*Asks:* 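Okay, here's the structure, questions in a sec.
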Amino acid sequence: MSSEKVISHFSIDVGMILKDLNSTPNPHLVTRTTGRDVRNAIEVKLSAIRSPALSVIDFSAIEVMDFSCADEVVARLLARFICTDRPQEAFFVLKGLLPSHLEPVVEVLERQKILAVTENGPG
């Protein structure tokens, strides 16, 4: 009998979440409220899958991300899943970050002393 854990793979399209939340299409993550709503939607999606999970969070459709959204969507999400009372075992890969996204994402992660894995390009 194998004691290996099976890891669920799960892709989260932030652009689709944002589209579902807004009645008008807007590829900009620019308010803390919007960031909080997107993070909550991601957490709901995660709660529906088996733990442990590898979640690829895809920002490819996002054109603008400000510091408040980087904090809400990236830093707070990752912080929630690395603490000892996390809701489930989940690991994250950030995909599709534009160069303009990196400054706010890096700053909010450094402030919380969190490292993140990114996928930038094919393969």
Side-chain angles (χ1 to χ4, degrees):
M1 182 188 304
S2 175
S3 63
E4 261 183 52
K5 287 185 177 180
V6 176
I7 296 178
S8 300
H9 294 265
F10 192 71
S11 183
I12 299 169
D13 184 338
V14 177
M16 288 301 292
I17 290 173
L18 194 55
K19 184 178 175 185
D20 290 345
L21 292 172
N22 293 318
S23 56
T24 56
N26 181 358
H28 301 176
L29 281 172
V30 292
T31 68
R32 186 162 295 278
T33 303
T34 300
R36 188 176 309 116
D37 291 346
V38 168
R39 179 176 40 83
N40 288 335
I42 290 171
E43 289 179 1
V44 166
K45 289 179 180 290
L46 286 170
S47 71
I49 62 171
R50 188 175 63 234
S51 181
L54 175 62
S55 301
V56 176
I57 302 177
D58 188 355
F59 291 91
S60 299
I62 302 303
E63 292 178 11
V64 176
M65 183 182 344
D66 72 2
F67 286 87
S68 63
C69 281
D71 182 54
E72 285 291 341
V73 177
V74 180
R76 289 181 187 228
L77 178 70
L78 297 182
R80 180 165 158 78
F81 282 87
I82 60 174
C83 65
T84 55
D85 64 339
R86 63 184 171 260
Q88 69 190 85
E89 192 173 13
F91 306 94
F92 301 92
V93 174
L94 307 178
K95 177 182 175 182
L97 291 172
L98 297 173
S100 62
H101 298 155
L102 292 177
E103 181 183 0
V105 169
V106 168
E107 184 173 315
V108 298
L109 291 178
E110 282 179 348
R111 195 177 321 138
Q112 299 232 8
K113 295 182 169 78
I114 297 173
L115 295 176
V117 176
T118 64
E119 178 184 316
N120 54 356

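This structure is a prediction, so every number in the text was calculated from the model and none was measured.
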*Asks:* Specify the closest pair of heavy atoms between S68 and V30, including all atoms of both residues, with the distance to one decimal.
*Replies:* OG-O, 4.2 Å

*Asks:* I need the single residue from V38, D58, V74 that forms a side-chain contact (heavy atoms from CB on, under 4.5 Å) with V14. Which is it?
*Replies:* V38

*Asks:* Does one hydrophobic cluster hold both L98 and V56, with members joined at side-chain heavy-atom distances below 4.5 Å?
*Replies:* no

*Asks:* Check whether any side-chain heavy atom of D71 sits under 4.5 Å from a side-chain heavy atom of Q112, and report yes or no.
*Replies:*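 Side chain of D71 against side chain of Q112, heavy atoms only: contact under 4.5 Å found.
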
*Asks:* Looking at E72, is its backbone amide N or carbonyl O close enough to the side chain of R39 to form a donor-acceptor pair, meaning the two atoms are under 3.5 Å apart?
*Replies:*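 Side chain of R39 to backbone of E72, a donor-acceptor pair under 3.5 Å: yes, one is there.
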
*Asks:* How far apart are the closest heavy atoms of V108 and F67, and which atoms are they?
*Replies:* CG1-O, 3.8 Å

*Asks:* Is I114 linked to L54 within one hydrophobic cluster, defined over Ile, Leu, Val, Met, Phe, Trp and Tyr using a side-chain heavy-atom separation of less than 4.5 Å?
*Replies:*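 Unlinked, I114 and L54 end up in two clusters.
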
*Asks:* Testing the basics here: between M65 and L97, what is the closest heavy-atom pair and its distance to 0.1 Å?
*Replies:* CE-CD2, 4.0 Å

*Asks:* Inspect the contact between D66 and R32 and indicate whether a charged nitrogen and a carboxylate oxygen are less than 4.0 angstrom apart.
*Replies:* no

*Asks:* Less than 4.5 Å apart, any side-chain heavy atom of K45 and any of I17?
*Replies:*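 Side-chain contact under 4.5 Å: yes.
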
*Asks:* Shortest non-hydrogen contact from C69 to T31?
*Replies:* SG-O, 3.0 Å

*Asks:* With clusters defined by side-chain heavy atoms of hydrophobic residues (ILVMFWY) lying less than 4.5 Å apart, directly or transitively, does F92 cluster with I7?
*Replies:* no

*Asks:* Looking only at heavy atoms, what is the nearest atom pair of F81 and R86, with distance?
*Replies:* O-CD, 3.1 Å

